[in-house]
Student: 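Once you've had a glance at the structure underneath, I'll fire off some questions.
The basis for the numbers below is simple: all heavy atoms, side chains too, and nothing from hydrogens, waters or symmetry mates. Every chain is numbered from 1, with letters handed out A, B, ... down the list of sequences.
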2 protein chains.
Amino acid sequence: MGGILRILNKDTRALPVRIRDVAKKLDLSVTTVSRALAGYDDVASATRDLVIETADEMGYVPQHAARQLRRQRTETIGLIFPTTGSRFSDPFFSEFIAGIGDETSRRSYDLLVSVAPPGEAEERAYHLWTNSRRVDGFILIRTRVDDWRISYLTKENFPFTSFGRSKTLETSPHIGVDGCSGVKDLVKHLLDQGHRRIAFIGASEELTFVGDRLEGYQIGLEEAHIAYDPDLVFEGDLTRAGGYEAAKILIERSPSPTAIIGVNDLTALGAIRAAQEGGLIVGKDLAIAGFDGTVAGEHAHPALTTVYQPVYEIGRQVSAMLIDLIENQAGSELDSLIRPRLIVRDSTLNSKPVPAD
Amino acid sequence: MGGILRILNKDTRALPVRIRDVAKKLDLSVTTVSRALAGYDDVASATRDLVIETADEMGYVPQHAARQLRRQRTETIGLIFPTTGSRFSDPFFSEFIAGIGDETSRRSYDLLVSVAPPGEAEERAYHLWTNSRRVDGFILIRTRVDDWRISYLTKENFPFTSFGRSKTLETSPHIGVDGCSGVKDLVKHLLDQGHRRIAFIGASEELTFVGDRLEGYQIGLEEAHIAYDPDLVFEGDLTRAGGYEAAKILIERSPSPTAIIGVNDLTALGAIRAAQEGGLIVGKDLAIAGFDGTVAGEHAHPALTTVYQPVYEIGRQVSAMLIDLIENQAGSELDSLIRPRLIVRDSTLNSKPVPAD
DNA sequence: CCTCCCATCCAAAACGATTTGGATAGTACA
DNA sequence: TGTACTATCCAAATCGTTTTGGATGGGAGG
């Protein structure tokens with residue numbers, strides 16, 4: 001189909017301009033051109049201006065590999081998604097990557113991305129990128145309570161920051177979100193609405209943030225002197241499908257819970273679906289809430305009560321922190337805790353009538 | 001908070017093993033080690049085995065920058081998201097990036113990612129990565145009818161493939177999805193259900209795929225001898241909010257449409273919300289359908305009728321095609337058209353009663 | 001014994017930038 | 001007139017690979 005495609009031929013590809021070409025054109029040494037472009041003050045300002053202008057109009061851009069080899073820095077940061085390919089559609093990720101991307105390009109860094117499920121492939125990926133000096137540092141996500149990545153990178157003395165803390169080391173540079181107090185606020189809100197049987201659909205407690213949120217749930221109940229009931233706690237898998245399955249079972253319990261907290265928005269959205277299929281009106285018969293503050297939750301029906309964390313902004317900060325670390329700029333705080341914000345919407349408001357059908 | 005953080009010090013960071021170190025340990029030349037590892041047959045097999053084993057146990061990995069400089073190839077492909085940071089949460093993207101990521105790492109390529117809104121910043125980004133030889137090729141997404149990127153890369157003779165074709169060149173390597181016939185199928189389905197006033201919420205027709213889908217809508221109506229009514233066509237912006245706004249207006253028209261097609265799933269989900277807020281039962285009072293086949297649509301309430309395109313698989317193929325192109329492997333087809341598949345769900349089935357409330 | 005041919009190895013030259021450690025010429029000052 | 005200093009420039013080394021173009025020695029064949 002579609003006619004003849006032009007064949008790409010490396011030999012015909014325009015050769016990029018090298019610093020040598022600029023030097024030759026101006027009858028200057030390579031050294032001077034290099035130093036002029038780098039802004040050193042041992043080159044006459046007239047010369048500097050001329051060099052900059054000429055380099056610009058010749059379209060000269062330093063070849064990355066050469067510079068990198070000489071300077072032994074890549075100006076690149078690495079991000080390895082700890083998940084396997086096809087089941088990877090958490091809206092969280094694209095927000096986060098956008099935050100990182102904006103900050104890195106602002107500081108003229110690049111972002112190298114890979115996907116590897118936790119385990120052997122993940123280890124290989126980190127080994128490769130550290131040993132080949134492919135990146136200057138890593139951003140870690142979905143930190144785990146016992147996190148191989150953190151001990152490895154620390155041992156290698158390789159810069160990294162993470163979204164979410166870990167218990168692997170006493171401290172390591174990261175941006176954390178206080179999931180515990182976030183869920184505590186949420187529980188308090190549900191208690192205010194009169195709920196007493198509140199369920200929690202979690203996920204693998206290997207993930208730090210899951211443990212944090214579960215803790216908030218427990219403390220919240222405790223403070224209201226409500227006994228913790230293990231039968232009301234389920235383990236999902238952070239997906240919508242996981243939330244759906246878990247909620248289905250919870251709903252058929254008796255006595256069934258009057259409120260369900262999903263460890264993230266996707267889980268909660270799955271639970272909403274299960275409830276609606278079971279003929280329940282969410283917000284009236286059953287309250288459901290999530291955590292994340294994704295757009296999907298905002299536009300759900302009914303709109304989802306959730307605990308909002310500024311994912312885009314966290315992406316920006318975590319990469320700013322990493323670049324500071326790489327460049328040894330002591331300035332920034334290396335250990336910040338963001339307090340997420342409760343957003344109450346219809347899915348937990350029984351006072352507001354649902355639209356008549 | 002958090003105690004004393006260990007300060008990273010470049011001087012104390014373990015020096016990576018160089019090929020020279022391996023050579024010295026084995027009392028061989030650097031050349032021989034290099035050739036042994038590369039699998040040339042001018043090194044004795046006993047020597048080769050020894051080299052490989054030693055290199056492995058010393059943890060030797062070639063430094064990427066040096067290799068890249070010498071070979072003048074990066075084994076990296078570039079992906080620049082043509083969108084601006086914060087409003088960037090289409091689930092489409094994460095699926096797509098996962099497909100690309102899996103294929104590139106299978107062929108031991110890396111993936112360099114950036115985010116730049118169409119316009120000047122985008123041009124700068126492409127210039128930089130081509131001139132600095134930062135990547136070996138590009139994957140283009142959201143191709144536009146008149147696409148600067150395609151003419152630029154073609155002019156520079158720089159390898160690229162795209163998801164979605166463009167009219168900028170007669171042909172260029174890409175994976176296309178036949179959005180026209182996809183929407184035509186959808187229209188036919190709606191006609192079968194008895195609909196006659198079918199609306200379409202699109203987006204900027206600058207985007208090729210939007211035009212394709214709109215064309216399918218028009219042809220579908222034409223074949224059923226239904227006059228095209230411009231009042232039933234709206235322009236959204238591919239987001240949920242855009243779909244919501246457009247649908248709100250459409251619903252209050254009189255006579256109002258009995259079915260709405262969203263150019264993508266997000267638009268359709270926005271429309272569902274607008275309909276529900278307006279007191280309509282989606283599937284009964286108003287049929288709504290989308291395009292993409294995202295999980296979000298599958299789990300919506302009611303589940304969304306849509307036209308499914310295998311985004312993960314397309315990501316894989318488009319990057320396989322690019323790598324073939326870079327390596328001059330003539331093998332693969334450079335111009336493939338995938339026919340998407342109609343998935344009918346409750347949002348367009350008025351026969352099935354909605355759950356009683 | 002001599003020649004030729006393999007099989008195996010290696011020294012040195014790239015690749016394209018940055019950085020080190022001067023060189024050169026003009027100026028100010030004694 | 002010398003000397004010291006400054007402003008401006010540059011040759012050469014360097015980063016760690018891969019690749020080019022031999023070198024070397026032993027065995028086969030005459």
Side-chain angles (χ1 to χ4, degrees), chain A residues 10 13-52 54-55 58-76 108 128 130-134 136, chain B residues 10 13-52 54-55 58-76 108 128 130-134 136:
Chain A
K10 279 184 190 129
R13 195 185 305 165
L15 289 175
V17 185
R18 295 153 304 172
I19 194 171
R20 185 191 315 170
D21 303 321
V22 179
K24 203 165 291 169
K25 176 155 199 171
L26 288 171
D27 206 34
L28 280 173
S29 77
V30 162
T31 305
T32 303
V33 174
S34 172
R35 295 183 75 80
L37 292 173
Y40 284 81
D41 64 355
D42 68 351
V43 17
S45 64
T47 315
R48 176 169 44 234
D49 294 349
L50 188 62
V51 167
I52 291 175
T54 313
M58 290 178 77
Y60 168 72
V61 175
Q63 187 164 314
H64 192 84
R67 160 182 293 207
Q68 185 176 325
L69 175 61
R70 172 64 230 221
R71 302 217 269 193
Q72 293 295 90
R73 298 190 279 121
T74 65
E75 299 198 319
T76 303
S108 56
L128 196 60
T130 51
N131 290 334
S132 67
R133 288 294 186 261
R134 195 71 229 271
D136 291 338
Chain B
K10 278 182 191 128
R13 195 185 304 166
L15 288 174
V17 184
R18 293 152 306 171
I19 195 170
R20 185 191 313 171
D21 302 322
V22 180
K24 202 166 291 171
K25 176 154 198 172
L26 288 172
D27 206 32
L28 281 172
S29 77
V30 162
T31 306
T32 303
V33 174
S34 173
R35 295 184 75 81
L37 292 173
Y40 284 82
D41 64 356
D42 69 350
V43 17
S45 64
T47 316
R48 176 170 41 236
D49 294 347
L50 189 62
V51 167
I52 291 175
T54 314
M58 292 178 75
Y60 168 71
V61 176
Q63 187 163 314
H64 192 83
R67 160 181 293 204
Q68 185 176 325
L69 175 61
R70 173 63 230 219
R71 301 216 271 194
Q72 292 295 92
R73 299 190 279 120
T74 65
E75 299 198 318
T76 303
S108 55
L128 195 61
T130 52
N131 291 333
S132 67
R133 288 293 185 264
R134 194 73 229 269
D136 292 337

Student: Is any side-chain N or O of B:Thr31 under 3.5 Å from a base N or O of D:dT19, one able to act as donor and the other as acceptor?
Tutor: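 Answer is yes: a donor-acceptor pair is held.
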
Student: Can you check side-chain hydrogen bond (donor to acceptor under 3.5 Å, both in side chains) on A:Ser29 and A:Thr32, steps first, answer last?
Tutor: CA-CA 5 Å; A:Ser29 77; A:Thr32 303; 3.1 Å; yes

Student: Atom CZ of B:Arg20 to atom C1' of D:dT14: distance rounded to whole Å?
Tutor: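 For the pair B:Arg20 CZ and D:dT14 C1', the rounded distance is 10 Å.
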
Student: Taking only residues two or more places apart in sequence or in another chain, which ones pass side chain to side chain donor-acceptor pair (under 3.5 Å) with B:Arg18?
Tutor: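 Side chain to side chain donor-acceptor pair (under 3.5 Å) check on B:Arg18 returns B:Asp21.
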
Student: Write down the distance between CG (B:Asp21) and P (D:dG16), rounded to a whole number of angstrom.
Tutor: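 One finds 9 Å between P of D:dG16 and CG of B:Asp21, rounded.
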
Student: Kindly indicate whether the side chain of A:Asp136, heavy atoms from C-beta on, has any atom under 4.5 Å from the side chain of A:Thr76.
Tutor: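 In short, these two side chains do not touch, never coming nearer than 4.5 Å.
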
Student: Which comes earlier along DNA chain C counting from the 5' end, the contact point of A:Val61 or that of B:Asp27, where each point is its nearest nucleotide?
Tutor: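 Its nearest nucleotide lies further toward 5', so the answer is B:Asp27.
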
Student: So which pairs with a foot in residues 31-42 of chain A pass salt bridge (Lys or Arg N to Asp or Glu O under 4.0 Å), sequence neighbours left out?
Tutor: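 Non-adjacent pairs meeting salt bridge (Lys or Arg N to Asp or Glu O under 4.0 Å): A:Arg35-A:Asp42.
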
Student: Check whether any side-chain heavy atom of B:Thr54 sits under 4.5 Å from a side-chain heavy atom of B:Tyr60, and report yes or no.
Tutor: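 No, every pair of side-chain atoms sits at 4.5 Å or beyond.
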
Student: Grab the CZ-C1' distance between A:Arg73 and D:dG16 for me, whole Å please.
Tutor: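 A:Arg73 atom CZ is separated from D:dG16 atom C1' by 18 Å.
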
Student: Check whether any side-chain N or O of B:Gln68 sits under 4.0 Å from OP1 or OP2 of D:dG16, and answer yes or no.
Tutor: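 The answer is no; no side-chain N or O of B:Gln68 sits under 4.0 Å from OP1 or OP2.
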
Student: Assess the residue pair B:Gln68 and B:Glu75 against the criterion (side-chain hydrogen bond (donor to acceptor under 3.5 Å, both in side chains)); give the C-alpha distance rounded to whole Å, side-chain angles, the decisive distance to 0.1 Å, and a yes or no.
Tutor: CA-CA 8 Å; B:Gln68 185 176 325; B:Glu75 299 198 318; over 6 Å; no

Student: Going by number, which of residues 34-47 of chain A have a non-hydrogen atom under 4.0 Å from DNA chain D?
Tutor: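 Within this stretch, A:Asp42, A:Val43, A:Ala44, A:Thr47 sit under 4.0 Å of the strand.
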
Student: Would you mind reading off the distance between A:Glu75 atom CD and D:dC15 atom P, rounded to a whole angstrom?
Tutor: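 So the CD-P distance, A:Glu75 to D:dC15, works out to 20 Å.
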
Student: What about B:Arg67, does its side chain sit under 3.5 Å from the base of D:dT18 through a donor-acceptor pair?
Tutor: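 Checked by distance alone, the answer is no.
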
Student: Write down the distance between CG (B:Leu69) and P (D:dT17), rounded to a whole number of angstrom.
Tutor: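 Whole-Å distance recorded here is 12 Å.
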
Student: Once rounded to the nearest 0.5 Å, what's the spacing between atom OG1 of B:Thr47 and atom CG of B:Leu26?
Tutor: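 It comes to 9.5 Å.
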
Student: For the helix from C:dC1-D:dG30 to C:dA30-D:dT1, figure out the bend between the end axes, five pairs an end, and round to 10 degrees.
Tutor: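 Between the first-five-pair axis and the last-five-pair axis there is 60°.
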
Student: Hey, are the side chains of B:Ser132 and A:Val61 touching, using non-hydrogen atoms and a 4.5 Å cut-off?
Tutor: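 The answer is yes; the side chains approach within 4.5 Å.
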
Student: Within the side chain of B:Arg48, is there an N or O that forms a donor-acceptor pair under 3.5 Å with the backbone of B:Tyr40?
Tutor: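 At least one qualifying donor-acceptor pair exists.
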
Student: Calculate the interatomic distance between B:Arg18 atom CZ and D:dT14 atom P; express it in whole Å.
Tutor: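 About 13 Å, once rounded to whole Å.
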
Student: Under 4.0 Å from a heavy atom of chain B: give me the 5'-most and 3'-most nucleotides of DNA chain C that qualify.
Tutor: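 Listed 5' to 3', the contact boundaries are C:dT8 to C:dG16.
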
Student: Just by modelled atom types, is the B:Pro62 backbone N or O under 3.5 Å from a matching donor or acceptor in the A:Arg133 side chain?
Tutor: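 Answer holds: no.
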
Student: Measure CZ/A:Arg70 against P/D:dT14 and give the value in whole Å, please.
Tutor: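 The answer, rounded to whole Å, is 9 Å.
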
Student: Partners of B:Ala66 by side-chain contact (heavy atoms from CB on, under 4.5 Å), sequence neighbours excluded?
Tutor: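 In terms of side-chain contact (heavy atoms from CB on, under 4.5 Å), with neighbours along the sequence ignored, B:Ala66 is linked to A:Leu69.
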
Student: Taking the side chain as everything from C-beta on, heavy atoms only, tell me whether B:Lys25 gets closer than 4.5 Å to B:Met58.
Tutor: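 Result yes, sub-4.5 Å side-chain heavy-atom pair found.
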
Student: Quick one: A:Arg71 CZ to D:dG16 C1', roughly how many Å, whole number?
Tutor: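 About 17 Å, once rounded to whole Å.
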
